[in-house]
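Taking it in order: structure first as structure tokens, then the write-up.
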Amino acid sequence: MRKFVCLLVGVAVAFAGVSCSDEGESVRVEPEVGIVDGSVESNAISCTIVPAKATACAYTYVEKGAPLPSAERILAEGGNRIAADAATTVRIGALKWNTTYVVIAAVASGDGLYAAASVELTVGEEPDLSTDLGAGANCYIVSQAGDYSFVPQHVNGLPVENISSVAWIWSTKVGAGNQQKLVSDVAYRNGKVRFTATGERGNVVLAAFSASGSIVWSWHIWCTEEPQTRTHTNGSVFQDRWLGAVDTAPGARGSFGLLYQWGRKDPFFGGVDAQDCEDYAEPPFTVAVNNTIMNPDYGLEWKFVDEGADPLRAAAEPTHFFHAPKHDWLAEHNETLWARAKTDYDPCPAGYRVPTTAELSDLESVSAADFDAVTGGFNFTQNGVQAWWQGCGNRDIGGYLTIFGQIFAWTSTVQSMGSGDSAFYFSERFIVDDWGAVIAPGNRSFAQSIRCVAE
């Protein structure tokens, strides 16, 4: 609690004329009032009002800068009445943070004279009671209900600039209905992104907007229990689920992770069943539309864009699926968007990154006999511990989802073939299905699964 020595303004100031008596005439009583012991605790202020020679006393408060009401108005029009013959301590709560208030006390005497006093008290900055999610990343894991915050930084530690506001833009559905049920109270305040998590499981994306309304960056909030880790024979340490998965049970809806175009940080919704497949007679993203909710305030949609983009445009359009020539989504090819050293476009949470081909190499031991064609995945045992690898399929160069029980796992390892106008650009991926496992080049405009590896 902070205590203040209060400056009393207008103590014993009469607002009606005082008549100097001739001999034998009575003197009109001038009331007095003082304010002492002002203090601030959290977003509440307190003080003690001390009236004297008064028959009526009341108080009110306003934000500093607002017109101050007169003593007559306070007493006549809704001021808070208190004892006129004794000191009274008053407390005013639920006030705005970082705001100065003026408390005004008014008194009147039986002779119709008035007096007032005032004091200024300042409520400080709102205390940050939220859980800080830590270092800069493009994905944050939230396992429990509660208040959370993070400083908007790139992976390299530089700030995300030009932020005017932050809001959720899309989420996976939770239960019945079309209400977003994962986060609330999303805001940008005091240099931090803030939100309240409900404790439900799923995925939601928060976006930072500039003053002009364009998206400057976005973050994936992964609402799942804290993933466990599995150490492979080659020493690589992986999470026990796909990036975006909220379950590890074979074939469970929640075991299907999100899908990523190579080199992008922004997730695309995949599927919820091993046999999911979007009909080429319809627009792409029908499965995504049926299983996600878009924030209606921003007019965003899942959309295929048949042209290349640069990384900044892709970041500004996180729900657009780009396709460019030469097996890429980039208008100008870039081999460095994902790498062994974590980059600003890596979609994994802090402490993890997209794996290299070498780090995923133990998957080459998977055989056709290991694959469960019913649930569309396999249990991979390393060092005596199992982990489920669900087949999540991929989105092809047109944005269409095809799962059919296949695993396509991106690596950060790149391939290029040819040169000049005849060059083609690929990135390596593992394909696992009921034929076994194979390393194969992949079109970078495909959206595929990621199993994050510890840095």
Side-chain donor or acceptor of [X] paired with backbone N/O of [Y] under 3.5 Å:
| X | Y | value |
| --- | --- | --- |
| Thr381 | Gly384 | no |
| Asn379 | Gln386 | no |
| Thr231 | Val237 | no |
| Thr198 | Leu182 | yes |
| Arg241 | Gln390 | no |
| Gln153 | Pro159 | no |
| Asp147 | Thr131 | no |
| Asp396 | Tyr400 | yes |
| Thr292 | Ala288 | yes |
| Asn80 | Ala58 | no |

Residue of the set Phe285, Trp302, Phe269, Phe268 for which ring-ring contact (aromatic ring centres under 6.0 Å, His included) holds with Trp170: Trp302
Residues [X] and [Y] bridged, charged N to O under 4.0 Å:
| X | Y | value |
| --- | --- | --- |
| Arg444 | Glu335 | yes |
| Glu359 | Arg451 | no |
| Asp128 | Arg194 | yes |
| Glu455 | Arg353 | no |
| Arg189 | Glu126 | yes |

Just checking, any donor-acceptor pair under 3.5 angstrom between side chains of [X] and [Y]?
| X | Y | result |
| --- | --- | --- |
| Lys265 | Ser218 | yes |
| Asp372 | Thr375 | yes |
| Thr413 | Thr356 | no |
| Ser427 | Trp262 | yes |

Residues Glu317, Lys303; criterion salt bridge (Lys or Arg N to Asp or Glu O under 4.0 Å); working and verdict: CA-CA 10 Å; Glu317 301 176 29; Lys303 184 179 180 180; over 6 Å; no
Compute the ring centroids of [X] and [Y], then answer whether they are less than 6.0 Å apart.
| X | Y | value |
| --- | --- | --- |
| Tyr345 | Trp217 | yes |
| His320 | Phe304 | no |
| Trp242 | Trp389 | yes |
| Phe150 | Tyr140 | yes |

Over 12 foreign heavy atoms within 6.0 Å of CD, Glu282: yes
Trp222 and His220 aromatic ring geometry - parallel, tilted or perpendicular at 30°/60° bounds: parallel
Should [X] and [Y] count as side-chain neighbours, where that means a heavy-atom distance under 4.5 Å?
| X | Y | answer |
| --- | --- | --- |
| Val50 | Ile35 | no |
| Glu120 | Tyr101 | no |
| Phe446 | Gln261 | no |
| Pro152 | Tyr188 | yes |
| Pro355 | Phe238 | yes |
| Pro284 | Leu401 | no |
| Leu95 | Ile45 | yes |

Rounded to the nearest 0.5 Å, how far apart are [atom1] of [X] and [atom2] of [Y]?
| X | Y | atom1 | atom2 | answer |
| --- | --- | --- | --- | --- |
| Asp328 | Ile397 | CG | CD1 | 12.0 Å |
| Ile407 | Ser449 | CD1 | OG | 7.5 Å |
| Trp219 | Leu133 | CH2 | CG | 12.0 Å |
| Glu63 | Thr100 | CD | OG1 | 9.5 Å |
| Trp338 | Asp344 | CH2 | CG | 14.0 Å |
| Glu278 | Asn290 | CD | CG | 9.0 Å |

side-chain contact (heavy atoms from CB on, under 4.5 Å) between Ile49 and Val90, worked out: CA-CA 8 Å; Ile49 298 172; Val90 299; 4.3 Å; yes
Arg91 and Glu41: CA distance, side-chain angles, deciding distance, salt bridge (Lys or Arg N to Asp or Glu O under 4.0 Å) verdict: CA-CA 10 Å; Arg91 183 179 187 278; Glu41 184 175 10; 5.3 Å; no
Steps toward side-chain contact (heavy atoms from CB on, under 4.5 Å) verdict (Trp168, Gln180): CA-CA 9 Å; Trp168 71 273; Gln180 189 272 111; 3.5 Å; yes
Audit row: Lys173, Asn178, side-chain hydrogen bond (donor to acceptor under 3.5 Å, both in side chains) steps and yes/no: CA-CA 7 Å; Lys173 288 186 177 180; Asn178 287 312; 3.0 Å; yes
Candidates Thr286, Asn291, Ile403 - the one meeting side chain to side chain contact (heavy atoms under 4.5 Å, CB included) with Asp276: Ile403
Closest non-hydrogen atom pair between Pro31 and Val107, with its separation: CB-CG2, 3.7 Å
Derivation of the side-chain contact (heavy atoms from CB on, under 4.5 Å) call for Ser109 and Lys53: CA-CA 7 Å; Ser109 70; Lys53 305 176 186 177; over 6 Å; no
Pair Asp132-Lys192, salt bridge (Lys or Arg N to Asp or Glu O under 4.0 Å): steps then yes or no: CA-CA 9 Å; Asp132 192 313; Lys192 299 184 81 173; 3.0 Å; yes
Verdict with supporting geometry, Glu200 and Lys181, salt bridge (Lys or Arg N to Asp or Glu O under 4.0 Å): CA-CA 7 Å; Glu200 296 282 2; Lys181 300 177 182 178; over 6 Å; no
Worked verdict on Cys348 versus Cys139 for disulfide bond (SG atoms under 2.5 Å apart): CA-CA 6 Å; Cys348 291; Cys139 171; over 6 Å; no
Derivation and outcome, ring pair (Phe, Tyr, Trp, His ring centres under 6.0 Å), residues Tyr298 and Phe209: CA-CA 10 Å; Tyr298 298 98; Phe209 293 86; 4.5 Å; yes
Derivation and outcome, side-chain contact (heavy atoms from CB on, under 4.5 Å), residues Ile104 and Ile74: CA-CA 8 Å; Ile104 313 108; Ile74 293 171; 3.6 Å; yes
